[in-house]
Structure formats: C-alpha cells, structure tokens
Novice: 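Quick one: the structure is below, and I'll ask about it shortly.
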Amino acid sequence: MADEAPFQFLHQELIQYIYKSKEQGEESGRNITKLENLGFRVGQGLIERLTKDTARFKDELDVMKFICKDFWTSVFRKQIDNLRTNHQGIYVLQDNTFQLLSQLSAGKQYLDQAPKYLAFTCGLVRGALFSLGVKSIVTAEVSTMPASKFQVMIQKM
C-alpha cells in the first residue's frame with residue numbers, strides 16, 4: 001500500500017502542472033493530449049521491462065489478457081475486474097474501483113473532472129500495446145465514480 005501513495009501524488013501533481021497552462025490560454029483538449037502522450041511513453045517503457053523475459057504472444061487476445069493481468073497489476077496493484085470483447089477488435093476493460101479516481105467523491109458531482117484523471121492511463125495502455133505490436137485507440141468513460149471502462153479499438157496495420 002505504501003507504493004500507491006507516491007504514484008497517486010505524482011499523478012495528481014502531473015495533472016495540476018499541465019492544467020496550470022490552461023490559465024495561459026490553452027484549451028482543455030490540448031492538456032488531455034499532453035497527459036495521454038506522457039502516458040504513452042511511460043507505457044512503452046514499462047512494457048519493455050515487464051516483457052523482457054516473457055515468450056511471444058500468440059494473438060491480440062493474449063496481449064489483452066497480459067495487459068489486464070500482469071501490466072495492470074504492476075501499475076495499479078490489482079487486475080482488471082472485467083475484460084470483454086466482440087472478437088472484432090474492440091475490447092472493454094472495466095475497473096470497478098479505479099485507483100486514480102478513488103480520491104474523488106463517489107458521487108456524480110466530479111464526473112466532468114474524470115477525463116483529465118483518465119487520460120494518462122489511456123496513453124499508458126496505448127503505449128504498452130504499441131510496444132507489443134498492437135496499434136490501438138484507447139478511450140475511457142465513467143458513469144459512476146470510481147468505476148471506469150477503457151475501450152480499446154484495435155487498428156489493423
């Protein structure tokens with residue numbers, strides 16, 4: 001549990017730092033893109049360390065299972081609660097108690113703030129998948145705090 005606090009603090013400060021530039025006239029979409037790009041690079045680095053002693057994956061479903069179990073556990077200290085797919089390149093990863101949203105209220109009053117807390121993680125997953133040879137688009141949604149759903153759309157190369 002002691003490892004979670006520095007990560008949460010760093011994530012919070014990262015968001016605050018990037019959103020301070022909003023005061024100088026930058027729009028919110030640009031800030032979310034910055035957070036996602038930072039997450040992308042971190043995801044690339046993390047997946048290189050995690051897979052250095054791992055055998056190659058057979059298909060993209062095996063890659064997604066690795067992301068949900070091993071990758072998510074190394075970052076958030078728990079596995080994804082639910083993985084769903086339509087077997088046509090769309091995967092939904094559901095985390096019922098997403099760690100980075102747990103500090104916000106459990107009600108609906110901060111739903112408008114959720115995208116900035118999810119952008120880094122979207123980039124994290126996209127960067128990890130990219131390093132594993134899977135090009136994707138990752139989006140996130142929150143209907144009730146702190147549960148979140150990450151939708152991964154695989155793009156054919």
Novice: I'd like to know whether Phe130 forms a ring-ring contact (aromatic ring centres under 6.0 Å, His included) with Phe40, so could you lay out the CA-CA distance, the side-chain angles of the two residues, the decisive distance to 0.1 Å, and finally the verdict.
Specialist: CA-CA 9 Å; Phe130 186 80; Phe40 182 84; 5.6 Å; yes
Novice: Flag yes if Ile154 and Val92 sit in one hydrophobic cluster, no otherwise; membership is Ile, Leu, Val, Met, Phe, Trp, Tyr, and two members link when side-chain heavy atoms are under 4.5 Å apart.
Specialist: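 No: no chain of side-chain contacts under 4.5 Å links Ile154 to Val92.
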Novice: Quick one: closest heavy-atom pair of Gln99 and Val75, and the distance?
Specialist: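 Taking Gln99 first and Val75 second, the nearest heavy atoms are OE1-O, 4.3 Å.
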Novice: State, to 0.1 Å, how close Glu36 and Cys122 come at their nearest heavy-atom pair, and which atoms those are.
Specialist: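 Nearest pair, atom of Glu36 first, then Cys122: CG-C, 4.4 Å.
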Novice: Which word best sums up how the rings of Phe150 and Phe98 line up, parallel for under 30°, tilted for 30 to 60°, or perpendicular for over 60°?
Specialist: perpendicular
Novice: So Asp81 and Gln79, side chain to side chain donor-acceptor pair (under 3.5 Å) or not? Walk me through it.
Specialist: CA-CA 6 Å; Asp81 295 314; Gln79 293 183 6; over 6 Å; no
Novice: Rounded at 0.5 Å granularity, tell me how far CG in Leu132 sits from CZ in Phe71.
Specialist: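 Going from the CG atom of Leu132 to the CZ atom of Phe71 covers 9.0 Å.
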Novice: Side chain of Ser136, backbone of Met153: donor and acceptor closer than 3.5 Å?
Specialist: no
Novice: What verdict does the side-chain contact (heavy atoms from CB on, under 4.5 Å) test give for Glu141 and Leu118, after you've listed the backbone C-alpha separation in whole Å, the side-chain angles of each residue and the deciding distance to 0.1 Å?
Specialist: CA-CA 8 Å; Glu141 68 178 47; Leu118 297 172; over 6 Å; no
Novice: So, for Ala147 and Val142, which heavy atoms are closest and what is the spacing to 0.1 Å?
Specialist: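 Shortest heavy-atom separation between Ala147 and Val142 comes out as O-CG1, 3.4 Å.
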Novice: Could you tell me the separation between the OH atom of Tyr91 and the OG1 atom of Thr85, rounded to the nearest 0.5 Å?
Specialist: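 One gets 4.5 Å once the value is rounded to the nearest 0.5 Å.
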Novice: Just do the side-chain contact (heavy atoms from CB on, under 4.5 Å) check on Gln151 and Ile137 with the steps written out, would you?
Specialist: CA-CA 8 Å; Gln151 183 176 13; Ile137 297 173; over 6 Å; no
Novice: What are the two closest heavy atoms between Leu111 and Pro115, and how far apart are they?
Specialist: O-CD, 3.7 Å
Novice: Taking 4.0 angstrom as the limit, do Asp95 and Lys149 come out as a salt bridge?
Specialist: no
Novice: Measuring from atom CG of Asn37 to atom CD1 of Ile32, what distance do you get when rounded to the nearest 0.5 angstrom?
Specialist: 12.0 Å
Novice: Can you measure from CZ (Arg126) to OG1 (Thr139) and round to the nearest 0.5 angstrom?
Specialist: 11.5 Å
Novice: Measure from the ring center of Phe66 to the ring center of Phe57 and say whether it is less than 6.0 Å.
Specialist: yes
Novice: Hydrophobic clusters here meaning ILVMFWY residues chained together by side-chain heavy-atom distances under 4.5 Å, can you tell me if Leu61 and Leu50 are in one?
Specialist: yes
Novice: To the nearest 0.5 Å, how far apart are CH2 in Trp72 and CG in Leu93?
Specialist: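 Separation between the atoms: 6.5 Å.
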Novice: Any heavy-atom pair between the side chains of Ile67 and Ile47 that's under 4.5 Å?
Specialist: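 Ile47 reaches Ile67 side chain to side chain.
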Novice: First locate atom CD1 of Ile80, then atom CD of Gln94, and finally report the distance between them rounded to the nearest 0.5 Å.
Specialist: 9.0 Å
Novice: Do Asn82 and Arg84 have side chains that approach each other closer than 4.5 Å (heavy atoms only, starting at C-beta)?
Specialist: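 Side chain of Asn82 against side chain of Arg84, heavy atoms only: contact under 4.5 Å found.
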Novice: Please list all pairs passing the salt bridge (charged side-chain N to carboxylate O under 4.0 Å, His left out) test where one or both residues lie in residues 57-74, with sequence neighbours left out.
Specialist: Glu60-Lys156
